[in-house]
Amino acid sequence: MSADAADDYDVVILGGGSGGYACALRSAELGLSVALVEKAKLGGTCLHVGCIPTKALLHAAEVADVAREGERFGVHTTLDSVDMTGVNAYKDGVVGRLHKGLQGLVKAAAIDYVEGTGRLDGAHTVVVGDRRLTGTNVVLATGSYAKSLPGLEIGGRVMTSEQALSLDHVPARVVVLGGGVIGVEFASVFRSFGSEVTIVEALPRLVAAEDEALSKQLERAFRKRKIAVKTGVRFAGAGEADDVVTVSLESGETIEADLLLVAVGRGPVTEGLGYEEAGVTLDRGFVPTDDRLRTNVEGVYAVGDIVPGLQLAHRGFAQGIFVAEQIAGLSPAPIVESGIPRVTYCDPEIASVGLTETQAREQHGDVETYEYNLGGNGKSQILGTQGFVKLVRAKDGPIVGVHMIGARMGEQIGEAQLIVNWEAHPEDVAGLVHAHPTQNEALGEAHLALAGKPLHAHA
Ligand SMILES: Cc1cc2nc3c(=O)[nH]c(=O)nc-3n(C[C@H](O)[C@H](O)[C@H](O)COP(=O)(O)OP(=O)(O)OC[C@H]3O[C@@H](n4cnc5c(N)ncnc54)[C@H](O)[C@@H]3O)c2cc1C
């Protein structure tokens, strides 16, 4: 291809992560011509350094816990050791198989997959090496990166989630800076693998975006697991010597560790990509859009982590599909951000959808809540887990929030999201039969109770 050769497409997508590749696949299904530009690996953060590898580590962590705790169930097992070479081989195997499958899907869809770093040159052209890809529509999907704090350099014993995913040994002592989703998931893994773990969080509670009741229960469960939780404490600095990193807090306390995991949030990848030069408005680096995911520039859309809001892979998928359908003229219904389910896969798991109690009070004024304790649920007792299902309902109205915590509760989010998004009333759900003994019954029981007819719960 010559230096000034132009390729014309209906859609040119910059970034092949969850948002970008979903948009490419759906666009191709709808008969649009598509170019998908990716500088690293198809699948992006989620597949290679996010959702999938972390969940593989969390599964290995669960296996370690099961081996350690067999005695509790009358089964004589002991945990010998955790071999990170083996754990990484298992994790990389999962990622590798999914990557291959995804590459096959993109190839079969006749998407023009362009490897290389792309940059906007005007609103409708993406330049990659000597190729100029011109799109009637351009979709920005360049994702996010792990942030650090001022003066805190990543390197050596100071890592982000990306480096922490391929450790060749289990560190004896870990400090996790940040008690959000990524921080608590890694804290959970390290603890199960045998590390001493301390979480330092500046906000007053862990998983601060969740309903307060979930934060309290998680902190209780983590303390029981002997994970030290320091909330409302600000990080002051970190110094590294040969074999130790010393973390100082503004309270004057210092903590020595073998590894400092920095999990203080993720920033948008939008710098130096020609966005602003093309006239695209940025807000603190993010790309604001309207509810149809249009930027301020005609024919330029944005999806995924660069759009302000929840940074979740399934939000990226949904937005990518939405934009493809929008471009194809199908007029899809806008995505309601609060209806997107959220799962944090630490032990115990957290799963929620809809409004927290505080948000519901702000939006609806009068609300009713109900907490069904997993102590009354047969399957939860069999698993030996503690937690609850909390429902938030607009007074005499639909369920507007479901908040759950306990082992495997992430699996319950499917029904919970239908309840919230279909605006079900407790009476609607109370009429549905939930299989026994499942943890899913806890969701049914909570609705029975809120409908005024509790079964395995006190009135
Ligand atoms: C440790 C961790 C765990 C997570 N766990 C979960 C989870 O369990 N569930 C969940 O829903 N979400 C999870 N997430 C979040 C999820 O990974 C992101 O929300 C999702 O990947 C965002 O998709 P995206 O398409 O916006 O961006 P990305 O997946 O980041 O993709 C952007 C792509 O664009 C490419 N790119 C960037 N700039 C250029 C350029 N100039 N030219 C060409 N290509 C470029 C990048 O290489 C990348 O492949 C996790 C994230 C992390 C870090």
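The structure displayed is predicted, hence computed values, not measured ones. Indexing begins at 1, ligand by ligand and atom by atom, following the structure's order. All values below were derived from every heavy atom in this structure, side-chain atoms included, with hydrogens, water molecules and symmetry-related copies excluded.
Each of the following atoms of ligand 1 lies closer than 4.0 Å to a heavy atom of G116: 42 (N), 43 (C). Near L273, the atoms of ligand 1 lying under 4.0 angstrom from a non-hydrogen atom of the residue are 41 (N). When each atom of ligand 1 is checked for a heavy atom of Q311 under 4.0 Å away, the hits are 15 (C), 19 (O). Set against the non-hydrogen atoms of Y345, the atoms of ligand 1 under 4.0 Å away are 8 (O). The L14 neighbourhood of ligand 1 comprises atoms 42 (N), 43 (C), with distances under 4.0 Å to a heavy atom of that residue. Near G304, meaning under 4.0 Å from one of its heavy atoms, ligand 1 places the atoms 26 (O). Proximity to T117 (heavy-atom distance under 4.0 Å) selects the following atoms of ligand 1: 41 (N), 42 (N). Close approach of ligand 1 to H314 is summarised as follows: ligand atoms under 4.0 Å from at least one heavy atom of the residue are 11 (O).
Considering only non-hydrogen atoms, atom 14 (N) of ligand 1 lies nearest to C51 out of C23, G50, C51. The option from A263, G15, A141 that lies nearest to atom 32 (C) of ligand 1, judged by heavy atoms, is A141.
Here the side chain of N137 pairs a donor or acceptor atom with the backbone of D10 at under 3.5 angstrom.
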Which side-chain N or O atoms in residues 41-51 pair as donor and acceptor under 3.5 Å with protein atoms at least two apart or in another chain?
| unit_1 | atom_1 | unit_2 | atom_2 | d |
| --- | --- | --- | --- | --- |
| H48 | NE2 | L42 | O | 2.8 |

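Contact check on E357 versus K390 returns a salt bridge, with a Lys/Arg side-chain nitrogen under 4.0 Å from an Asp/Glu carboxylate oxygen. Salt-bridge check for R205 with E210: failed, with every basic side-chain N at 4.0 Å or more from each acidic carboxylate O. Taking the charged nitrogens against the carboxylate oxygens, E349 and R408 have no contact shorter than 4.0 Å, which rules out a salt bridge. Residues R132 and D8 are not paired through a salt bridge, judged by the lack of any N-O separation under 4.0 Å between the basic side chain and the carboxylate.
There is no side-chain donor-acceptor pair under 3.5 Å between N88 and S166. At a cut-off of 3.5 Å, with distance as the only test, no side-chain donor of Q311 or R266 sits close to an acceptor on the other residue. Using a 3.5 Å distance cut-off with no hydrogens or angles, the side chains of R342 and S352 do pair a donor with an acceptor. Between the side chains of D211 and T356, no donor N or O sits under 3.5 Å from an acceptor N or O.
Closest to atom 20 (C) of ligand 1 among all protein heavy atoms lies S18 OG, 3.8 Å. Among protein heavy atoms, atom 30 (O) of ligand 1 sits closest to T45 OG1, 2.5 Å. Closest protein heavy atom to atom 35 (C) of ligand 1: E38 OE1, 3.2 Å. Counting protein heavy atoms only, atom 31 (O) of ligand 1 is closest to G17 CA, 3.3 Å. The protein atom (non-hydrogen) at minimum distance from atom 27 (O) of ligand 1 is G143 CA, 3.2 Å. Nearest non-hydrogen protein atom to atom 26 (O) of ligand 1 is D305 N, 2.8 Å. Protein heavy atom closest to atom 44 (N) of ligand 1, with residue, atom name and distance, is K39 N, 3.1 Å.
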Verdict with supporting geometry, E371 and H403, side chain to side chain donor-acceptor pair (under 3.5 Å):
CA-CA 9 Å; E371 260 184 47; H403 309 277; over 6 Å; no
Let's go through L260 and E240 carefully: what are the C-alpha distance in whole Å and the side-chain angles of both, what is the deciding distance for side-chain contact (heavy atoms from CB on, under 4.5 Å) to 0.1 Å, and is it a yes or a no?
CA-CA 10 Å; L260 170 60; E240 220 182 311; over 6 Å; no
Please report the C-alpha distance between V128 and L133 in whole Å, then the side-chain angles of each, then the deciding distance to 0.1 Å, and finally whether the side-chain contact (heavy atoms from CB on, under 4.5 Å) criterion is met.
CA-CA 8 Å; V128 190; L133 313 170; 3.9 Å; yes
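Considering both main-chain and side-chain atoms, G118 comes within under 3.5 Å of ligand 1 through a nitrogen or oxygen pair.
Residue contacts with ligand 1 for L42 are absent, since no atom lies close enough (heavy atoms, distance under 4.0 Å). When non-hydrogen atoms are compared, ligand 1 lies under 4.0 Å from the backbone of S144 (N, CA, C, O) but not from its side chain. For K55, every heavy-atom contact with ligand 1 shorter than 4.0 Å involves the side chain, none the backbone. If you look at R266 next to ligand 1, the close heavy atoms, those under 4.0 Å, all belong to the side chain. Counting heavy atoms closer than 4.0 Å to ligand 1, residue S161 contributes side-chain atoms (C-beta onward) but none from N, CA, C or O. Counting heavy atoms under 4.0 Å from ligand 1, residue T54 touches it through the side chain alone. At a heavy-atom distance under 4.0 Å, atoms from both the backbone and the side chain of T142 approach ligand 1.
Within the 4.0 Å heavy-atom shell around ligand 1 one finds V49.
Each of I255, V175, I199 was checked for a side-chain contact (heavy atoms from CB on, under 4.5 Å) with K230, and the lone residue meeting it is I255.
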